[in-house]
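Sharing a structure with you now.
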Amino acid sequence: DAFVQMVHDIDRQQQQLARASALAVVGEMSAAIAHEVRTPLTSIQGYAELHLAASPDAEPIPAGVTDALGRIQAESARMRRIVDSLLDLATLDESGIEQRGPVDLKRIVEDVASDLRVIAPDREITTHTPEQPTTIQGDRDRLVQALMALGANALRHTPKGCAVSLTVRPTEELVLLEVADAGPGISAEHLPHRFERFYRVDAGRSSGRGGSGLGLAIVDAIARGHGGAVSVRSAPGVGSAFTIAVPRDGGASRSRASH
């Protein structure tokens, strides 16, 4: 039995190493492609904007051409966002979280909630935070980026009027950051894949406003860069709750050990 268990353990470790190696190769290829695509995309978007903003004295552009240029501009901007997300993921994969300092998560959650209220003034966006500051060692900009991504995701995939809440729950060793909504929820078959790159649930949930499938992967990379993890609880008709769990040292001890 011990020998069989050892064989299973070795096999599992080999599978994990193979998966990690494959992900590294995919990440490197994605970054290389993104670098190559970024410049021509910028040119295409620039030319479209230039023609759409033509001088009033210039010859009028036919309506059909204006519509086509508008679509070219919108699609090139969307592709540019995907490229930027790929490069962002490549940076996180390669370097992790390099900048660490004291970060008050209570303040971050309140700031992000304020920004979300500006984006969606028709929504009820609430915060639940401790009375005292909740400080960890981390990268403030990256943590704001992760919470904004979760907040925007909640707004995008829930109907108008649906409430969204942001919560800070400190424990002895961890701090939990939760973004929850009372929307339609996510089917069970999608939950294990929500943080995979380019994974998107069916178009019906996104109401035609689906993203690139990279936003939650970036949240996952930011959480892991802080020595933590992100998880999701959801069920159809109940809503969804995404939780980032980060250690109070922001993964600094793990980062030092890896070096």
Quiz prompt | Option from Leu147, Leu214, Val230 for which side chain to side chain contact (heavy atoms under 4.5 Å, CB included) with Val219 holds | solution = Val230
Quiz item: Is Arg71 salt-bridged to Glu75, cutoff N-O under 4.0 Å?
Solution: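 No salt bridge links Arg71 with Glu75.
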Exercise. List the steps and the verdict of side chain to side chain contact (heavy atoms under 4.5 Å, CB included) for Ile218 and Leu92.
Key: CA-CA 8 Å; Ile218 290 175; Leu92 286 164; 4.1 Å; yes
Quiz prompt | Nearest non-hydrogen partners of Val179 and Ala154, listed with the distance | solution =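 Reported closest heavy-atom pair: CG1-CB, 4.5 Å.
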Quiz item: Under a 4.5 Å cut-off applied to non-hydrogen side-chain atoms, are Ile136 and Leu105 in contact?
Solution: yes
Self-check item: Which atom of Asp220 lies closest to which atom of Phe195, heavy atoms considered
Solution: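 It is CB-CB, 4.1 Å.
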Quiz item: Among Thr134, Thr129, Thr127, whose side chain to side chain donor-acceptor pair (under 3.5 Å) with Lys106 holds?
Solution: Thr129
Quiz item: Can any side-chain N or O of Arg194 pair as donor or acceptor with the backbone N or O of Val232 at less than 3.5 Å?
Solution: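 Side chain of Arg194 to backbone of Val232: no pair is present.
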Self-check item: Rounded distance (nearest 0.5 Å) linking atom CD1 of Ile119 with atom CD1 of Ile125
Solution: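 Those atoms lie 8.0 Å apart.
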Quiz prompt | Donor-acceptor contact below 3.5 Å, side chain Ser234 vs main chain Ile186 | solution = yes
Exercise. Count the heavy atoms belonging to other residues, nucleotides or ligands that lie under 6.0 Å from CD of Gln132, then report whether that count exceeds 12.
Key: no
Practice problem: Give a yes or no on whether a salt bridge exists between Arg142 and Asp88, defined as a side-chain N under 4.0 angstrom from a carboxylate O. | Solution: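 Judged by the 4.0 Å cut-off on N to carboxylate O distance, Arg142 and Asp88 do form a salt bridge.
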Exercise. Give a yes or no on this: more than 12 heavy atoms of other residues, nucleotides or ligands lie within 6.0 Å of atom CD of Glu110.
Key: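 Yes - once you tally the heavy atoms of other residues, nucleotides and ligands closer than 6.0 Å, there are more than 12.
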Quiz item: Thinking salt bridges, do Glu178 and Arg233 make one under a 4.0 Å N-O criterion?
Solution: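 So Glu178 pairs with Arg233 through a salt bridge.
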Exercise. Find the distance between CG (Leu176) and CZ (Arg169) and round it off to the nearest 0.5 Å.
Key: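 Leu176 CG to Arg169 CZ: 5.5 Å, rounded to 0.5 Å.
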Quiz prompt | Ion pair Asp111/Arg140, N-O distance below 4.0 Å | solution =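 Salt bridge: yes.
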Quiz item: Should Asn153 and Phe242 count as side-chain neighbours, where that means a heavy-atom distance under 4.5 Å?
Solution: yes
Quiz item: So Leu166 and Leu116, side chain to side chain contact (heavy atoms under 4.5 Å, CB included) or not? Walk me through it.
Solution: CA-CA 11 Å; Leu166 290 83; Leu116 293 174; 4.2 Å; yes
Quiz item: Would you call Ile222 and Gln145 a side-chain contact if the rule is heavy atoms closer than 4.5 Å?
Solution: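 In short, these two side chains touch, coming nearer than 4.5 Å.
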Self-check item: For the student: nearest non-hydrogen atoms of Pro247 and Gly227, plus distance
Solution: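 Closest approach of Pro247 to Gly227: CD-O, 3.5 Å.
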Practice problem: Check whether any side-chain heavy atom of Arg248 lies under 4.5 Å from a side-chain heavy atom of Pro170, and answer yes or no. | Solution: yes
Quiz prompt | Atom pair OG1 (Thr158) and NZ (Lys160), whose distance is rounded to the nearest 0.5 Å | solution = 11.5 Å
Practice problem: Give, for atom CG of Leu150 and atom OG of Ser240, the distance between the pair rounded to the nearest 0.5 Å. | Solution: 11.0 Å
Quiz item: Hey, are the side chains of Val112 and Val109 touching, using non-hydrogen atoms and a 4.5 Å cut-off?
Solution: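 No; the side chains remain at least 4.5 Å from each other.
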Practice problem: Could you tell me the separation between the CD atom of Gln99 and the CD atom of Gln137, rounded to the nearest 0.5 Å? | Solution: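 Output value for this atom pair is 12.5 Å.
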Quiz prompt | Heavy-atom pair with the smallest gap, counting every atom of Ala146 and Ile244 | solution = CB-CD1, 3.9 Å
Quiz item: Under the side chain to side chain contact (heavy atoms under 4.5 Å, CB included) criterion, do Val246 and Arg224 qualify, and how do the steps go?
Solution: CA-CA 8 Å; Val246 290; Arg224 287 187 288 105; over 6 Å; no
Exercise. Carefully, step by step, assess Leu177 and Val168 under the rule side chain to side chain contact (heavy atoms under 4.5 Å, CB included).
Key: CA-CA 5 Å; Leu177 303 170; Val168 179; 3.9 Å; yes
Practice problem: First locate atom OG1 of Thr243, then atom CG of Leu174, and finally report the distance between them rounded to the nearest 0.5 Å. | Solution: 11.5 Å
Self-check item: Close side-chain approach of Cys162 and Arg123, heavy atoms under 4.5 Å
Solution: yes
